[in-house]
Every structure is written in structure tokens, then in C-alpha cells.
Colleague: 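Below: one structure in C-alpha cells.
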Amino acid sequence: MTFDRSLKIAPSILSADFADFGREIRAIEAQGADWVHIDVMDGHFVPNLTFGPPAVKAFRPHVKTVMDVHLMISPVDAYIDAYADAGADILTAHIEAGPHIHRTLQAIRAAGMKAGVALNPGTPADAVADLMDVADMVLVMTVNPGFGGQKFIDMTAKIRRVRELIGDRDIHIQVDGGVDPVTAPLVVEAGADVLVAGSAVFRGGSVDKADVYGANMAAIRKSVAG
Ligand code: DX5
Ligand code: ZN
């Protein structure tokens with residue numbers, strides 16, 4: 001993966017048809033998704049449960065772009081090798097998921113992946129100040145993690161502060177939760193370059209009506225460009 005700060009849309013397959021992930025992934029990529037965002041939940045760190053390493057490994061052959069895996073699990077470290085083996089390009093862990101995020105990020109890189117660190121809405125930007133040399137991405141959550149389709153929480157001041165902390169380093173800022181054509185311009189203006197969107201991409205479409213996914217992504221891109 002080469003670094004660039006251009007706008008990227010990462011549809012979350014949390015809003016896809018759970019019985020048809022392969023076709024859903026191929027459909028969103030054919031419609032212009034830049035990355036594929038995969039939400040891993042453990043029913044412990046967050047009050048919802050999705051899928052684990054064997055499922056993520058099964059998604060891998062369908063992903064031609066970037067497989068972006070968002071871990072909402074605690075603990076993390078014991079599972080890093082399993083997600084490397086599953087083929088994750090980026091593995092993101094929550095700073096709130098354990099006492100040793102610095103070690104976790106180092107371990108993610110050592111396993112051959114890009115390392116992301118996620119911040120819940122209640123965690124301040126400066127919590128990542130001393131992680132800049134071990135992170136490839138900061139994920140600013142704009143909902144409390146666990147479910148798709150929640151209302152956007154305004155974290156633009158936090159995004160701006162993270163952007164300042166990053167300076168000229170090659171670190172992405174990803175925003176996740178309630179991103180749609182209304183909220184996307186706010187977070188991009190604040191400094192985000194990777195937009196995760198679940199409901200706003202999948203709404204109204206299906207694998208047989210995939211042009212709707214394309215139109216939904218185009219609407220997000222247009223909102224930012226305008
Ligand atoms: C929330 C997940 C998100 C979620 C976003 O815990 O991390 O990726 O799927 O869904 P929307 O875009 O519907 O808020
Ligand atoms: Zn996510």
C-alpha cells in the first residue's frame with residue numbers, strides 16, 4: 001500500500017447482506033469503493049457480535065482493494081497473528097481495549113500489517129500524541145461503536161487536533177459512524193481522508209441493484225467536492 005491523502009470511501013460490510021459477503025464485496029468494489037471496511041465485534045468490548053478470523057480470511061479473495069479491519073474486541077494482542085493470516089492490510093485496535101496500545105501497534109506492524117488506532121467519542125485526541133511513530137492511521141469514531149445506522153456525533157474539533165498532531169507524517173485519519181452526504185464535508189474539512197460508511201452506502205441497494213451503491217458513494221464524493 002502506498003500512502004496518499006486523497007479522499008477514500010470505505011464501505012462497512014456491517015450493512016451488507018450477511019449471507020452474501022463475497023458478492024457484496026465485489027459489488028461495492030465494482031461501484032468504486034476505495035477500501036473495504038470490516039467491523040469485527042466480540043460481544044464484550046462492544047455489545048454486538050459479528051465475525052472472526054475464519055470469516056475475514058474467507059472475505060480476502062474477494063477484496064481487490066484494501067482490506068481494512070476494525071477490531072472492536074478486547075483483548076487484541078492474542079488475535080493479531082490470526083488477522084495477519086486472514087490477510088488484513090490494515091488492522092485497527094481501540095486505544096480503550098487494553099493498557100498497552102503502543103505494544104499492540106508495534107505487534108501489528110511486526111506481523112506485516114499497517115497499524116490503526118481507534119478513539120471512542122469519549123477519548124480525547126491527545127491520547128494518541130505519543131503513538132505517532134507506531135501508527136499508520138488514526139480512526140476517530142463519530143458514534144459509540146457496536147452498531148451501524150447510529151446518529152453522527154460531531155467530533156470535528158478532535159479530528160482537527162489529530163491532524164495537528166500528525167503534522168507531515170504519512171498517517172491517515174479515518175472517520176467511522178454516521179457518515180453521509182451531510183456529515184462527510186464536515187469531517188473532510190477537519191482533516192479526514194478515509195470515510196467509513198455503512199448505511200449511507202448500502203441504503204436502497206442490493207447486489208442485484210448495485211448501481212444504487214455507486215450512486216450513494218457518488219453522493220458522498222460530490223458532497224465533499226462541493
Ligand atoms: C460501528 C462500526 C461502523 C458502522 C458504521 O461500530 O464501526 O463501521 O458500520 O455504520 P454507519 O455508517 O451506518 O454509521
Ligand atoms: Zn468500523
Side-chain angles (χ1 to χ4, degrees), residues 7-18 21 24-25 28 31 33-52 55-56 59 63 65-74 76 79 83 88-97 108 113-123 136-155 158-159 172-188 192-206 212-213 215-217 219-221 223-224:
L7 179 74
K8 287 165 283 294
I9 297 186
S12 163
I13 61 165
L14 190 62
S15 294
D17 176 355
F18 267 45
F21 280 124
E24 290 276 35
I25 289 168
I28 53 172
Q31 293 294 327
D34 298 289
W35 294 6
V36 176
H37 185 81
I38 296 178
D39 286 306
V40 173
M41 304 186 186
D42 67 352
H44 164 74
F45 179 69
V46 290
N48 192 9
L49 194 58
T50 54
F51 31 69
V56 175
F59 304 157
V63 179
T65 58
V66 170
M67 192 157 87
D68 167 36
V69 179
H70 176 192
L71 296 181
M72 286 160 275
I73 68 171
S74 175
V76 171
Y79 297 97
Y83 286 99
D89 295 300
I90 305 178
L91 193 65
T92 297
H94 270 261
I95 199 165
E96 305 86 3
I108 291 172
M113 297 170 285
K114 299 283 186 195
V117 54
L119 301 178
N120 279 336
T123 302
D136 301 292
M137 182 166 82
V138 177
L139 165 49
V140 177
M141 293 300 301
T142 40
V143 296
N144 285 296
F147 302 95
Q150 301 184 80
K151 191 175 165 353
F152 176 82
I153 304 168
D154 187 350
M155 290 284 138
K158 188 192 292 189
I159 297 165
H172 296 290
I173 300 181
Q174 182 173 62
V175 172
D176 185 1
V179 173
D180 63 19
V182 174
T183 57
L186 308 175
V187 300
V188 169
D193 63 299
V194 188
L195 304 183
V196 175
S199 9
V201 169
F202 286 90
R203 184 179 296 134
S206 68
V212 174
Y213 300 160
N216 288 342
M217 285 188 272
I220 295 171
R221 284 189 215 279
S223 74
V224 171

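Start at 1 and go down the list; that is how both ligands and their atoms are numbered.
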Colleague: With heavy atoms of A197 as the reference, note each atom of ligand 1 found under 4.0 Å away.
Modeller: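 Counting atoms of ligand 1 from 1, those under 4.0 Å from A197 are 12 (O).
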Colleague: Report the distance from atom OG1 of T142 to atom CG of N120, rounding to the nearest 0.5 Å.
Modeller: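 Nearest 0.5 Å value for the OG1-CG distance: 11.0 Å.
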Colleague: With the Zn ion (ligand 2) at the center, what angle do OD1 from D39 and NE2 from H37 span, rounded to 10 degrees?
Modeller: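 Approximately 90° at the metal, rounded to tens of degrees.
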Colleague: Taking the side chain as every heavy atom from C-beta outward, state whether V76 and L91 have any pair of such atoms under 4.5 Å apart.
Modeller: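 Not in contact.
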Colleague: Provide, to 0.1 Å, the distance between atom 12 (O) of ligand 1 and the closest protein heavy atom, together with that atom's residue and name.
Modeller: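 Result: G198 N, 2.7 Å.
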Colleague: Is there a donor-acceptor pair under 3.5 Å between the side chain of D176 and the backbone N or O of L139?
Modeller: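 Judged by distance alone, no pair lies under 3.5 Å.
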Colleague: Of all the atoms in ligand 1, which lie at a distance below 4.0 Å from a heavy atom belonging to G177?
Modeller: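 It comes down to these atoms of ligand 1: 14 (O).
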Colleague: Roughly how far, to the nearest 0.5 Å, is CD1 of I9 from CD1 of I28?
Modeller: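 Answer for the CD1-CD1 pair, I28 versus I9, is 11.0 Å.
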Colleague: In Å, rounded to the nearest 0.5 Å, how long is the span from CG of D68 to CD1 of I90?
Modeller: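 Between D68 CG and I90 CD1, I get 5.0 Å after rounding to 0.5 Å.
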Colleague: Identify the closest protein heavy atom to atom 9 (O) of ligand 1: which residue and atom is it, and at what distance?
Modeller: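 Of every protein heavy atom, S12 OG, 3.0 Å lies nearest to atom 9 (O) of ligand 1.
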Colleague: NZ of K8 to NE2 of H37: how many Å apart, nearest 0.5 Å?
Modeller: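 Answer rounded to 0.5 Å: 14.5 Å.
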Colleague: Counting non-hydrogen protein atoms only, what is the nearest one to atom 6 (O) of ligand 1? Give residue, atom name and distance.
Modeller: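 Going by distance alone, atom 6 (O) of ligand 1 is nearest to G146 N, 2.8 Å.
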Colleague: Hey, what do you get for CG (L7) to CG (L195), rounding to the nearest 0.5 Å?
Modeller: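 So the gap between those two atoms works out to 5.0 Å.
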Colleague: When you compare the side chain of Y79 with that of I73, does any pair of heavy atoms fall below 4.5 Å?
Modeller: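 They are in contact (side-chain heavy atoms under 4.5 Å apart), so the answer is yes.
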Colleague: For the metal site, I want the angle between atom ND1 of H70 and atom OD2 of D176 with the Zn ion (ligand 2) at the apex, to 10°.
Modeller: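 Taking the Zn ion (ligand 2) as the apex, I get 90° for this pair.
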Colleague: Taking N or O atoms only and a 3.5 Å limit, does G149 qualify as a polar contact for ligand 1?
Modeller: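 Yes, there is a polar N/O contact under 3.5 Å.
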Colleague: Would you mind checking which non-hydrogen protein atom is closest to atom 3 (C) of ligand 1, with the distance to 0.1 Å?
Modeller: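 Among all protein heavy atoms, the one nearest atom 3 (C) of ligand 1 is D176 OD1, 2.8 Å.
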Colleague: Between the side chains of T50 and D39, is a donor N or O closer than 3.5 angstrom to an acceptor N or O?
Modeller: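 The criterion, which ignores hydrogens and geometry beyond distance, is not satisfied for D39 and T50.
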Colleague: Give me the nearest non-hydrogen protein atom to atom 1 (C) of ligand 1 as residue plus atom name, then the distance to 0.1 Å.
Modeller: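 It is F147 O, 3.6 Å.
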Colleague: Which residue owns the protein heavy atom closest to atom 14 (O) of ligand 1, what's the atom, and how far is it?
Modeller: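 Result for atom 14 (O) of ligand 1: G178 N, 2.8 Å.
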Colleague: Would you give the length of the straight line joining atom CD1 of I95 to atom CE of M141, rounded to the nearest 0.5 angstrom?
Modeller: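 Interatomic distance, I95 CD1 to M141 CE, rounded to 0.5 Å: 14.0 Å.
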Colleague: Under a 4.0 angstrom heavy-atom cut-off, which atoms of ligand 1 come close to H70?
Modeller: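 Per the distance check, 7 (O).
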Colleague: Name the closest protein heavy atom to atom 13 (O) of ligand 1, giving the residue it belongs to and the distance to 0.1 Å.
Modeller: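 Atom 13 (O) of ligand 1 sits closest to the protein heavy atom S199 OG, 2.3 Å.
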Colleague: If you count the atoms of ligand 1 from 1 in the order shown, which ones are under 4.0 Å from a heavy atom of M41?
Modeller: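 Numbered from 1, ligand 1 contributes 6 (O).
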Colleague: With heavy-atom distances below 4.0 Å as the criterion, list the atoms of ligand 1 near P145.
Modeller: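 Those of ligand 1 that fall under 4.0 Å from P145 are 6 (O).
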Colleague: Please could you name the atoms of ligand 1 that M72 approaches to less than 4.0 Å, counting only its heavy atoms?
Modeller: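 With M72 as reference, the close atoms of ligand 1 come out as 6 (O), 7 (O).
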Colleague: Can you list the ligand 1 atoms lying under 4.0 Å from a non-hydrogen atom of H37?
Modeller: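 Near H37, the atoms of ligand 1 are 8 (O).
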Colleague: I need the minimum non-hydrogen distance between F59 and I38, along with the two atoms involved.
Modeller: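 The answer is CD1-CD1, 3.7 Å.
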Colleague: Under 3.5 Å, is there a donor on one side chain and an acceptor on the other for H94 and E96?
Modeller: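 Side-chain D/A pair, H94 to E96: present.
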Colleague: Under a heavy-atom criterion of less than 4.0 Å, does A200 contact ligand 1?
Modeller: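 The answer is no: ligand 1 sits nowhere under 4.0 Å from a heavy atom of A200.
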Colleague: So which protein heavy atom does atom 10 (O) of ligand 1 come closest to, and at what separation?
Modeller: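 Of every protein heavy atom, G148 CA, 3.6 Å lies nearest to atom 10 (O) of ligand 1.
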Colleague: Which ligand 1 atoms are under 4.0 Å away from a heavy-atom of D39?
Modeller: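 Selected atoms, number and element: 2 (C), 3 (C), 4 (C), 7 (O), 8 (O), 9 (O).
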